[in-house]
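Notes for the one structure printed next.
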There are 2 protein chains.
Amino acid sequence: MESITTSSYAVHFNGNAFLQLKDYLGKHTYSKVFVLVDENTKEHCLPVFEKTLANAFPFDLIAIKAGEVHKNIEACTHVWQALSALDADRKSLLINLGGGVVTDLGGFVASTYKRGIDFINIPTTLLSMVDASVGGKTGVDLGSLKNQIGVINQPKMVLVSTVFLETLEDRQMRSGFAEMLKHGLIQDASYWKALKSLSNLDTIGGDIYTSVSIKNKVVLEDPTEQHLRKILNFGHTLGHAVESYFLENDDKETLLHGEAIAVGMVLEAYLSNKLTGLPTEDLEDIKTSFFKWYPKVDFTSSDITAILSMLKFDKKNSHGNINFVLLESIGNPVIDVKIPNDLYEGAFAYYKV
Amino acid sequence: MESITTSSYAVHFNGNAFLQLKDYLGKHTYSKVFVLVDENTKEHCLPVFEKTLANAFPFDLIAIKAGEVHKNIEACTHVWQALSALDADRKSLLINLGGGVVTDLGGFVASTYKRGIDFINIPTTLLSMVDASVGGKTGVDLGSLKNQIGVINQPKMVLVSTVFLETLEDRQMRSGFAEMLKHGLIQDASYWKALKSLSNLDTIGGDIYTSVSIKNKVVLEDPTEQHLRKILNFGHTLGHAVESYFLENDDKETLLHGEAIAVGMVLEAYLSNKLTGLPTEDLEDIKTSFFKWYPKVDFTSSDITAILSMLKFDKKNSHGNINFVLLESIGNPVIDVKIPNDLYEGAFAYYKV
């Protein structure tokens, strides 16, 4: 499969991916190579990685705990200290082998270790393949505030190999699928139609390329998120607040990122219907399609109050205003929409029925 | 005094500095302005800052503990959390009012808060005026490893006002003076001669402009430290190891940065005499001049062994090699020099007699 070229690096796919990695390491003289994993990818993905590369180069392994609750500064400190203890220097390379927690955190650690060392991302979840592979966002959470600390910095290369998807549970697959559905909603009505009509996700590997292409096109046009790139936040303004609330609340089962933004997309589709002309039949289509893939989340009225109070911490807000990305129709987003306060309750009410 | 223009921002001096700040804030619409201080600058510098600006704009204050031992990730977390709690958003501005700890840490916090907000530095120590005002290095220590975590990122503006020097102790003045002496040694023999001949530092304010100009010229030619910029590290390879060792060791009185690199410059002048042709009379001149300003530091042989073992953590090292900046003569540096292991003991022996 052809590689996708971003502003500064290439995303390589499947069979070609590991050939490109070997070629790259042959051409660059790194003092040392480090591989960052979490407990899960150490067990399920590292053996595949090692077998495929067949000892093409030596590396030191650094492991962190799995899960979004460990995507924090304490875990960064653990990795910074491990790099120091293993004599990593400015000419060292960090390869991040894992889902979004590993690639976001590993990218931030590499970008800040000795003021920046090179890194390569190998996303192992569907979510990280279609979302984190392009865009250069790195970072960690601060308490329950998602991605509050981070930098924009590009990896040297991203390798997408669907072989890692075989190790994923269905719930993880659906989490990534939500971002793919978003790519259809914001850029390509026929892609949306094709994806929502799938009967299962067994063959989804073939669509990853389309999603990476869509995201790359958007990021290339607006790398610093001044205008177009904001459309990638569809479903994320309310989705992030929902995700943070469930993460913070010990009584609630934590939602995966895709599960939270699936909720966010239904809520924001409702707002689009009220404010930016999204036809009611499209709204119904969006709601029905998401409920086909994602179980309905229960919200009490005190949950909703708490979620709305978290909105102000969204990174995209400034001067106290909350800017939403909404849809005029499927495939046609509009940015920087302000929401009258009285519409939020209606959005949750629509979600619940 | 004329402003000095760096690659992306201006350094403004004295009377002009605060006029420029007011003008800048009038032209930019920041959602909120935050001022970062430490306990010392809160007491001694903030009142001057407030009086000079005469309530030109409202701001929120954030304070950290003073001292290099608090230049760490825990202090960053404190500031990130304070910014979150005070509703700082992507369009907020952070003004760092303090010495190198405040400007280095504040620059790093700003560069990583919500993936980067604007910041302005107002250095209040002689050291931070002549050293940290240009170059874009931000960061914090990791344990005893200096500046191990950080990024390169530029402030929007730097304001150098000698009014803050009036609040400094002599020891702090001498610490900054060591970097100025370095500027002479690496770039300008006549500047070195003028500075070393001073009888006191009462009028040093007038020389800050020369030091900032020298550093800016070097950084403009090589912003990413591929070649020329390395000369700014003269005295710092051994100096940093000395500084880290004294910082880490509870039995030792902590050395200020300038005191440590003053030791480093004498040691590296000795190496220059052995390896790169620095005339013996220049070596003697350097040693005599530093001992005029800086008390001799006591090193036991176990101190020396420990200091040399810390060298490998210097950020400039790669592939296990330690690269030194040495002098061919005063004003003429040479980069990327490797040191035979048996020379280090001699350097310390020369320092001690």
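The analysis underlying the following values was restricted to heavy atoms, covering all of them including side chains, and did not include hydrogens, waters or symmetry mates. Each chain gets a letter, A, B and so on, in the order its sequence line appears, and its residues count up from 1. In this text, all values refer to a predicted model and were calculated from it rather than measured experimentally.
Other residues, nucleotides and ligands place more than 12 heavy atoms under 6.0 Å from the NZ atom of Lys22(A). The number of heavy-atom neighbours closer than 6.0 Å to NZ of Lys27(A), taken from other residues, nucleotides and ligands shown, is 12 or below.
The side-chain contact (heavy atoms from CB on, under 4.5 Å) test applied to Pro340(B) returns Leu275(B), Asp342(B), Leu343(B), not counting sequence neighbours.
The side chain to side chain contact (heavy atoms under 4.5 Å, CB included) test with Arg115(B) singles out one residue from Glu225(A), Lys137(A), Gln148(A), and that residue is Lys137(A).
When all heavy atoms of Ser111(A) and Val151(B) are compared, the closest pair comes out as O-CG1, 3.7 Å.
Residue Ser92(A) does not touch chain B at all, counting heavy-atom pairs closer than 4.5 Å.
The CZ atom of Phe108(A) lies 8.5 Å from the CD1 atom of Ile149(B); values are rounded to the nearest 0.5 Å. Here Leu142(A) contributes atom CG and Tyr113(B) contributes atom OH; the two are 8.0 Å apart, rounded to the nearest 0.5 Å. With rounding to the nearest 0.5 Å, the separation of OG1 in Thr77(A) from CG in Asn72(B) is 9.5 Å.
By number of non-hydrogen pairs under 4.5 angstrom with chain A, the leading residue of Gly116(B), Gly139(B), Gly150(B) is Gly150(B).
Among residues at least two apart or in separate chains, there is no salt bridge (Lys or Arg N to Asp or Glu O under 4.0 Å) pair with a member in residues 72-81 of chain A.
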